[in-house]
Novice: 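Please read through the structure below; I'll follow up with questions.
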Amino acid sequence: TPPKLIGVRSFFDLKRWGLSVYWNIRSWWESLDPRLSLKGMRKQAIDHYIAYHKAEASGDIPSINSISNLTFARELKKKIESQNRKGVTIVWNHDTPKAKVATIRYIRHPDTKLQILQVGVYITCKQGVTIKKKDKVLKEVPKKTITELLVMEASTAVTKSEEYKWKLLDVLDT
C-alpha cells in the first residue's frame with residue numbers, strides 16, 4: 001500500500017511510490033534469470049578456487065589467465081617469482097571446498113552500457129601442502145580448515161542466450 005495514501009501531499013509523492021513499486025517488480029523479474037542462480041555462482045566459485053590454488057602451487061600462472069583479472073594474475077606472478085622454487089615441486093592437497101555466497105553487488109556505470117555483477121563467496125576447505133624435491137618430501141604441511149573470501153565479477157551486458165563469464169578478482173584470507 002502507498003505510504004499515507006489518505007493524506008497524499010502531491011501527485012509527485014504518488015508518482016514516486018508508483019515508480020518504486022515498478023522498479024521493485026522489475027528487479028524481482030530480472031532476478032529470475034537462471035544465470036543468476038546461487039547454485040551456479042557457488043559452482044563457478046569452487047571451480048575458480050581450485051584452479052587458482054593448483055596454479056599457485058604449480059607456478060603455472062598462464063593456466064588461470066582466462067579466468068582471472070589481469071591485475072590479479074600479475075600480482076600472483078610476482079608472488080611466485082619472489083619465492084625460491086628452483087627444483088621444488090609443490091602439491092596442493094585438499095578436500096572438496098564448500099561455498100557460501102556472502103555478497104552480491106550490481107554496478108552500473110553512468111552514461112555507458114557497462115553493467116557488472118560482483119559476487120563475494122566464502123570458501124571453506126580443508127587443505128595442506130606437500131613440498132617435494134626430486135621425489136623426496138621436504139616438508140608436509142598437514143591439512144587444516146581454512147576459510148577464504150573469493151571475489152568474482154561478470155559483465156551482465158551480454159545477450160540473454162550467453163552465459164556470464166566470471167573472472168576471478170581476488171582471494172582474501174578471513
Side-chain angles (χ1 to χ4, degrees), residues 18-81 83 85 89-130 143-174:
L19 285 173
S20 70
V21 169
Y22 166 75
W23 283 109
N24 285 336
I25 290 172
R26 183 170 181 227
S27 299
W28 172 79
W29 185 255
E30 288 176 352
S31 71
L32 295 177
D33 187 349
R35 298 174 295 175
L36 293 178
S37 72
L38 294 178
K39 185 178 180 181
M41 289 180 199
R42 286 193 302 262
K43 182 184 180 317
Q44 198 69 29
I46 289 171
D47 292 345
H48 283 1
Y49 184 77
I50 291 172
Y52 159 72
H53 274 292
K54 285 185 178 177
E56 182 183 29
S58 68
D60 182 24
I61 304 306
S63 66
I64 65 163
N65 280 345
S66 63
I67 65 164
S68 68
N69 184 327
L70 183 60
T71 306
F72 179 70
R74 284 181 183 159
E75 291 298 320
L76 184 61
K77 186 176 180 182
K78 284 182 193 173
K79 176 182 170 185
I80 290 173
E81 287 175 351
Q83 301 167 347
R85 290 191 174 192
T89 306
I90 299 174
V91 179
W92 180 57
N93 307 316
H94 66 93
D95 294 343
T96 305
K98 293 178 177 61
K100 180 181 178 186
V101 175
T103 61
I104 299 175
R105 188 168 83 164
Y106 177 74
I107 304 165
R108 183 167 183 205
H109 294 279
D111 302 327
T112 66
K113 292 188 177 196
L114 184 60
Q115 301 168 4
I116 295 173
L117 187 67
Q118 287 184 347
V119 178
V121 182
Y122 283 115
I123 306 279
T124 304
C125 183
K126 202 168 193 176
Q127 57 190 354
V129 174
T130 304
K143 288 183 183 179
K144 66 178 185 175
T145 304
I146 294 176
T147 301
E148 294 177 302
L149 178 67
L150 180 128
V151 183
M152 333 182 276
E153 76 174 8
S155 173
T156 59
V158 294
T159 62
K160 292 281 185 189
S161 61
E162 288 182 71
E163 287 294 318
Y164 292 142
K165 293 175 183 68
W166 292 99
K167 293 277 187 181
L168 184 59
L169 284 183
D170 210 349
V171 178
L172 307 165
D173 295 332
T174 56

Novice: If you look at every heavy atom in Leu149 and Gly120, which pair is closest and at what distance?
Specialist: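 That closest heavy-atom pairing would be CD1-C, 3.9 Å.
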
Novice: Just verifying a value: how many Å separate Gln118 CD and Thr103 OG1, rounded to the nearest 0.5 Å?
Specialist: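 The distance works out to 8.0 Å.
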
Novice: If you measure from CE on Met152 to CG on Asn69, what distance do you get to the nearest 0.5 Å?
Specialist: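 CG of Asn69 is found 13.5 Å from CE of Met152.
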
Novice: Ring centres under 6.0 Å, that's the criterion: do Tyr49 and His53 meet it?
Specialist: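 Yes: the rings meet the under 6.0 Å criterion.
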
Novice: Nearest 0.5 Å, what's the CG-OG1 distance between Asp95 and Thr124?
Specialist: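 Rounded to the nearest 0.5 Å, the CG-OG1 separation comes to 12.0 Å.
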
Novice: Can you tell if the side chain of Trp166 reaches within under 4.5 Å of the side chain of Met41, non-hydrogen atoms only?
Specialist: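 A side-chain contact under 4.5 Å exists here.
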
Novice: Going by heavy atoms in the side chains, are Lys79 and Glu75 under 4.5 Å from each other?
Specialist: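 Result no, sub-4.5 Å side-chain heavy-atom pair not found.
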
Novice: Could you tell me which non-hydrogen atom of Ala73 sits nearest to which non-hydrogen atom of Ile61, and how far apart they are?
Specialist: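 Residues Ala73 and Ile61, closest heavy atoms: O-CG2, 3.9 Å.
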
Novice: Quick one: does Thr156's side chain have a donor or acceptor within less than 3.5 Å of a partner on Leu117's backbone?
Specialist: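 No, because the side chain of Thr156 does not come within donor-acceptor range (under 3.5 Å) of the backbone of Leu117.
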
Novice: Find the distance between CZ (Arg85) and OG1 (Thr89) and round it off to the nearest 0.5 Å.
Specialist: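 Reported value, rounded in 0.5 Å steps: 10.0 Å.
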
Novice: Going by side-chain contact (heavy atoms from CB on, under 4.5 Å), Val129 matches just one of Ile90, Asn93, Val91. Which one?
Specialist: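 The residue from Ile90, Asn93, Val91 that satisfies side-chain contact (heavy atoms from CB on, under 4.5 Å) with Val129 turns out to be Ile90.
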
Novice: If only atom types and distance count, is the side chain of Lys167 paired as donor or acceptor with the main-chain N or O of Ser66 below 3.5 Å?
Specialist: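 It does hold such a pair.
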
Novice: Rounded to the nearest 0.5 Å, what separation is found between the CG atom of Leu76 and the CD1 atom of Ile80?
Specialist: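 Taking CG in Leu76 and CD1 in Ile80, the distance rounds to 4.0 Å.
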
Novice: Side chains of Gln44 and Tyr164: donor-acceptor distance under 3.5 Å anywhere?
Specialist: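 No donor-acceptor contact under 3.5 Å links the two side chains.
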
Novice: Taking C-beta and beyond as the side chain, do Ile67 and Tyr52 meet within less than 4.5 Å on heavy atoms?
Specialist: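 Counting from C-beta outward, Ile67 and Tyr52 never come under 4.5 Å.
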
Novice: Can you tell me how far apart CG (Asp60) and CG (Asn65) are? Round to the nearest 0.5 Å.
Specialist: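 Between atom CG of Asp60 and atom CG of Asn65 there are 9.0 Å.
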
Novice: Do the non-hydrogen side-chain atoms of His48 and Val171 ever get within less than 4.5 Å of each other?
Specialist: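 Sidechains of Val171 and His48: no contact.
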
Novice: Under the side-chain contact (heavy atoms from CB on, under 4.5 Å) criterion, do Thr96 and Ile46 qualify, and how do the steps go?
Specialist: CA-CA 9 Å; Thr96 305; Ile46 289 171; 5.7 Å; no

Novice: Can you tell me if NZ on Lys98 sees more than 12 non-hydrogen neighbours from other groups inside 6.0 Å?
Specialist: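 Counting other residues, nucleotides and ligands, NZ of Lys98 stays at 12 neighbours or fewer.
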
Novice: Mark yes or no for whether Asp170, through its side chain, and Leu172, through its backbone, hold a donor-acceptor pair below 3.5 Å.
Specialist: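 No; judged by distance alone, with no hydrogens or angles, the pair does not exist.
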
Novice: If you look at every heavy atom in Ile64 and Ala51, which pair is closest and at what distance?
Specialist: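 Scanning both residues completely, I find the closest heavy atoms to be CG2-O, 3.5 Å.
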
